[in-house]
Peer 1: 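Handing you a structure now.
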There are 2 protein chains.
Amino acid sequence: MTTIKDIAKKANVSTGTVDRVIHNRPGVSEKTKIHVQKIIEEHNFQINTIASTLALNKSYKIGVLIPEARVENEFWSEPKKGIEKAAEEIKNFRISTSFFTFDQFDSKSYVTAFKDLIAGDFDAVLMAPVFHKETSQLITHLDKENTPYVFINIDLQGFNTLSFIGQDSFKSGHLAAKLMSVMLADSSEIIIPVFRLNKGNYSHINDRITGFKSFFKEKKSSIKIKDIAIPNFKDLKVISSILDDHMKGRTIDGIFVPSSRSFLIAEYLETAQLENIRLIGYDTNEKNIQFLKNDTIDFLICQNPYQQGFNGIKLLSDYLVMNKAPNPNYHSPMTIVTKENVDAF
Amino acid sequence: MTTIKDIAKKANVSTGTVDRVIHNRPGVSEKTKIHVQKIIEEHNFQINTIASTLALNKSYKIGVLIPEARVENEFWSEPKKGIEKAAEEIKNFRISTSFFTFDQFDSKSYVTAFKDLIAGDFDAVLMAPVFHKETSQLITHLDKENTPYVFINIDLQGFNTLSFIGQDSFKSGHLAAKLMSVMLADSSEIIIPVFRLNKGNYSHINDRITGFKSFFKEKKSSIKIKDIAIPNFKDLKVISSILDDHMKGRTIDGIFVPSSRSFLIAEYLETAQLENIRLIGYDTNEKNIQFLKNDTIDFLICQNPYQQGFNGIKLLSDYLVMNKAPNPNYHSPMTIVTKENVDAF
DNA sequence: TAATTTTACGTGCACGTACACAAAACTAAA
DNA sequence: TTTAGTTTTGTGTACGTGCACGTAAAATTA
């Protein structure tokens with residue numbers, strides 16, 4: 001391994017000069033600078049990150065702003081786990097992470113948590129920008145301090161994000177449509193239940209639906225698709241009655257649930273004893289997996305939320321410690337999960 | 001952060017003693033040992049890996065034994081890339097990797113490469129045990145030297161492997177069958193072309209077939225499945241004539257190719273102008289992707305070979321540097337790849 | 001030409017750990 | 001009590017890098 005010392009010896013200068021050249025610090029004549037740079041290149045020397053972090057003895061604080069993992073929505077416990085795992089791996093680099101969580105259906109709690117985070121004066125931020133308007137307002141504080149931030153899971157546009165980590169929602173809808181199409185005859189009918197609570201904030205729900213529909217428009221326009229608005233997902237009776245209305249007199253062949261709540265629809269299908277309806281949903285939460293395993297749900301599209309969290313922290317750590325500029329986008333794979341491969345995830 | 005110094009101060013001993021306690025080295029009285037251990041626990045002190053590696057100044061050599069990435073089989077270029085990426089990430093830990101490649105259809109070249117590797121006196125080995133008998137014979141040399149080795153991609157049983165990284169082949173066959181079954185009517189007929197060259201060495205090909213058949217036996221026994229032996233995959237004419245024979249007079253609805261050579265079958269289907277035949281294969285090589293994109297291949301099951309290579313090296317590095325014992329198995333996810341999500345991989 | 005400022009470079013310590021070596025504290029025999 | 005041997009403990013240096021500090025040499029000014 002080539003070290004700074006080696007370079008210094010070859011270049012007939014001291015390690016201090018080499019250090020100055022490497023970090024582009026002032027106090028080196030143009031002549032020696034070029035000379036040292038040449039030798040660095042020749043030996044394709046690279047800084048030893050290990051020694052560097054040790055010497056720097058700097059510590060970094062990463063703030064994490066994500067929804068709390070509630071019973072009704074365990075989705076966010078996955079990124080949390082991924083973040084914790086990554087934090088564990090890099091803690092020797094003196095990077096600490098602090099969580100700020102909020103109720104993903106309550107914009108006020110989002111604002112509170114966000115403000116707490118801003119007050120914490122972090123070196124970098126990993127966040128799920130669930131609420132658009134509130135994000136626009138508060139993120140100016142981060143911009144002002146030049147605090148780098150990465151969006152996770154939700155790809156809001158028009159911000160100075162360092163990077164986005166998550167799925168391309170339109171494409172994932174497209175994929176769901178493909179899966180649905182191989183399962184259905186050409187003259188089938190599909191419904192898309194949309195829970196109203198999701199509609200407002202989560203633009204990716206809409207993107208998924210658009211992607212889904214665009215597939216059939218292009219490839220199999222003979223298939224009818226209908227949206228069904230459902231006011232909330234707390235009251236099973238309401239869900240049932242709305243769906244009952246729509247099922248009556250019609251034969252529905254497929255249901256596409258553009259959110260992680262496909263289990264609610266599965267529950268309905270089971271109690272209503274409706275069989276031979278193909279069901280595709282999102283995310284591998286416990287209930288979804290249960291219905292996947294008993295064949296009520298055919299496919300789940302998984303966002304790999306664990307990986308999203310893990311990669312988010314890793315990205316920021318690389319950025320902070322090694323000054324490594326990330327890509328603007330890291331699209332997580334759209335993993336298709338079935339009864340048969342669910343255990344490997 | 002708590003350091004060895006801090007512990008030493010609290011325990012009223014020197015850092016040397018703390019070091020001896022941490023590494024369980026001799027030369028510490030039972031009394032002080034317990035005392036120091038208690039303080040270590042109280043402060044839940046953990047060694048700083050960064051400083052540790054720097055101080056140890058030890059270097060490790062990992063030998064990698066995998067098939068060469070040939071034009072006819074680009075599969076193995078993926079693990080190679082993964083390995084190189086991981087090697088890059090950990091090179092500051094003074095870990096070097098050396099490749100020993102062989103022709104995956106020539107056991108002699110395997111033996112030669114393996115012997116070269118053994119002569120290289122490596123600290124750990126990552127290998128694809130393509131040939132069973134030869135592996136049994138040569139691996140004793142590694143066992144004798146207590147050199148840890150990890151199997152990648154091929155899960156040979158009965159060896160002292162530190163870990164296996166790869167897919168559960170039976171399950172992946174099962175998964176392929178599920179995908180096939182959603183696409184086919186109940187009275188369909190499926191063929192499984194098996195290239196003879198694969199048969200002998202690669203036990204996972206057989207496992208995939210077994211998994212595939214077991215699904216239909218359980219779930220849809222009305223569907224007929226037939227194996228078709230194909231002597232090699234060099235001569236397209238031979239392949240065509242054999243398939244022609246089998247297609248004649250019959251309606252084949254689905255083809256399951258249990259290897260990465262589904263593109264050969266796709267090529268046949270296109271030239272023979274056979275449409276409406278569902279085709280499922282393995283691995284995202286360039287040609288397969290091409291046929292996936294033009295809808296000749298419906299699904300590919302991906303082994304994430306890049307990840308396999310990457311994780312293999314990471315695992316060994318964790319084992320060597322941090323003495324972290326790995327799981328006996330890391331089953332890579334069975335990723336379903338379609339035209340719609342292929343770009344994300 | 002001397003005094004002063006600026007530039008260019010070298011030196012030494014710190015980061016946290018590992019380990020060789022030195023020193024001290026015991027133990028047992030003379 | 002002395003002495004040698006053994007066990008236990010302390011000290012110093014190295015790993016590779018970053019940075020504060022010091023100091024010649026060169027450039028500028030008076």
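Bear in mind that the values here come from a model prediction, so they are computed numbers and not experimental data.
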Peer 1: Considering just the side-chain nitrogens and oxygens of Lys58(B), establish if one lies under 4.0 Å of OP1 or OP2 belonging to dA18(C).
Peer 2: no
Peer 1: Tell me the bend of the helix from dT1(C)-dA30(D) to dA30(C)-dT1(D) as the angle between end helix axes, each from five pairs, rounded to the nearest 10 degrees.
Peer 2: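 Nearest ten degrees gives 60° for this helix.
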Peer 1: I'd like to know whether the aromatic ring centres of Tyr110(A) and Phe102(A) sit less than 6.0 Å apart in this structure.
Peer 2: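 Between Tyr110(A) and Phe102(A), the centre distance is under 6.0 Å.
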Peer 1: Among dG16(C), dC15(D), dT9(D), which nucleotide sits nearest the side chain of Thr3(B)?
Peer 2: dG16(C)
Peer 1: Starting at CD1 of Ile7(B) and ending at C1' of dA18(C), how long is that distance when rounded to a whole Å?
Peer 2: 17 Å
Peer 1: Would you mind reading off the distance between Lys31(B) atom NZ and dA25(C) atom P, rounded to a whole angstrom?
Peer 2: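 Taking atom P of dA25(C) as the reference, NZ of Lys31(B) is at 14 Å.
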Peer 1: dT8(D), OP1 or OP2 - any side-chain N/O from Ser29(B) closer than 4.0 Å?
Peer 2: no
Peer 1: For Ala51(B) and Arg25(B), find the nucleotide of DNA chain C closest to each by heavy atoms; which residue's nucleotide sits nearer the 5' end?
Peer 2: Ala51(B)
Peer 1: What nucleotide among dA20(D), dT9(D), dT17(D) has an atom nearest to a side-chain atom of Ala55(A)?
Peer 2: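 Nearest to the side chain of Ala55(A) among the choices is dT17(D).
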Peer 1: Looking at Asn160(A), is its backbone amide N or carbonyl O close enough to the side chain of Tyr149(A) to form a donor-acceptor pair, meaning the two atoms are under 3.5 Å apart?
Peer 2: yes
Peer 1: Any carboxylate oxygen within less than 4.0 angstrom of a Lys/Arg side-chain nitrogen, looking at Glu84(A) and Lys81(A)?
Peer 2: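 Salt bridge: no.
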Peer 1: OP1 or OP2 of dG10(D) sitting under 4.0 Å from any side-chain N/O of Thr15(B)?
Peer 2: no
Peer 1: Grab the NZ-P distance between Lys33(B) and dT7(D) for me, whole Å please.
Peer 2: 15 Å
Peer 1: Does Arg94(A) get its side chain close enough to the base of dG16(C), under 3.5 Å, for a donor-acceptor pair?
Peer 2: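 Check fails, no donor-acceptor contact within cut-off.
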Peer 1: Report yes if the distance between the aromatic ring centroids of Phe114(A) and Phe131(A) is under 6.0 Å, otherwise no.
Peer 2: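 Distance test on ring centres: not under 6.0 Å, no.
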Peer 1: Can you tell me how far C1' of dG16(C) sits from CG of Asn57(A), to the nearest Å?
Peer 2: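 Taking atom C1' of dG16(C) as the reference, CG of Asn57(A) is at 9 Å.
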Peer 1: Over how many whole Å does the gap from Ile50(B) atom CD1 to dG18(D) atom C1' extend?
Peer 2: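 Between C1' of dG18(D) and CD1 of Ile50(B): 15 Å.
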Peer 1: Do the side-chain N or O atoms of Thr32(A) get closer than 4.0 angstrom to the phosphate oxygens (OP1, OP2) of dC9(C)?
Peer 2: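 Answer yes for this pair, as a side-chain N or O of Thr32(A) is under 4.0 Å from OP1 or OP2.
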Peer 1: Please examine the side chains of Asp6(B) and Phe45(B), heavy atoms only from C-beta on, and report whether any two atoms are closer than 4.5 Å.
Peer 2: no
Peer 1: If I take atom CD in residue Glu30(A) and atom C1' in nucleotide dT7(C), what distance separates them, rounded to the nearest angstrom?
Peer 2: 14 Å
Peer 1: Take atom NZ in Lys85(B); do more than 12 heavy atoms of anything else shown fall under 6.0 Å from it?
Peer 2: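 Result for NZ/Lys85(B): open.
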Peer 1: In whole Å, I'd like the distance from the CG atom of Leu54(A) to the P atom of dT17(C).
Peer 2: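 Checked: the CG to P distance equals 9 Å.
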Peer 1: Taking OP1 and OP2 of dT17(D), is either one under 4.0 Å from a side-chain nitrogen or oxygen of Ser52(A)?
Peer 2: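 No.
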Peer 1: Using a heavy-atom cut-off of under 4.0 Å over every strand shown, decide if Asp19(A) touches base, sugar-phosphate, or nothing.
Peer 2: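 The residue Asp19(A) makes base contact.
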Peer 1: Would you classify Ile47(B) as touching base, sugar-phosphate or nothing, given that sugar-phosphate means primed atoms plus P, OP1 and OP2, and contacts are heavy atoms under 4.0 Å?
Peer 2: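 Since only primed, P, OP1 and OP2 atoms lie under 4.0 Å of Ile47(B), the category is sugar-phosphate.
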Peer 1: Identify whether any heavy atom of Thr53(B) sits under 4.0 Å from a base atom; if not, whether one sits that close to sugar-phosphate; answer base, sugar-phosphate or nothing.
Peer 2: nothing
Peer 1: Output the rounded distance in Å from CG (Leu56(B)) to C1' (dG16(D)).
Peer 2: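 For the pair Leu56(B) CG and dG16(D) C1', the rounded distance is 14 Å.
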Peer 1: Can you tell me if Phe310(B) has over 12 outside heavy atoms packed within less than 6.0 Å of its CZ?
Peer 2: yes
Peer 1: From Met127(A) CE over to Leu156(A) CG, what is the distance, rounded to the nearest 0.5 angstrom?
Peer 2: 8.0 Å
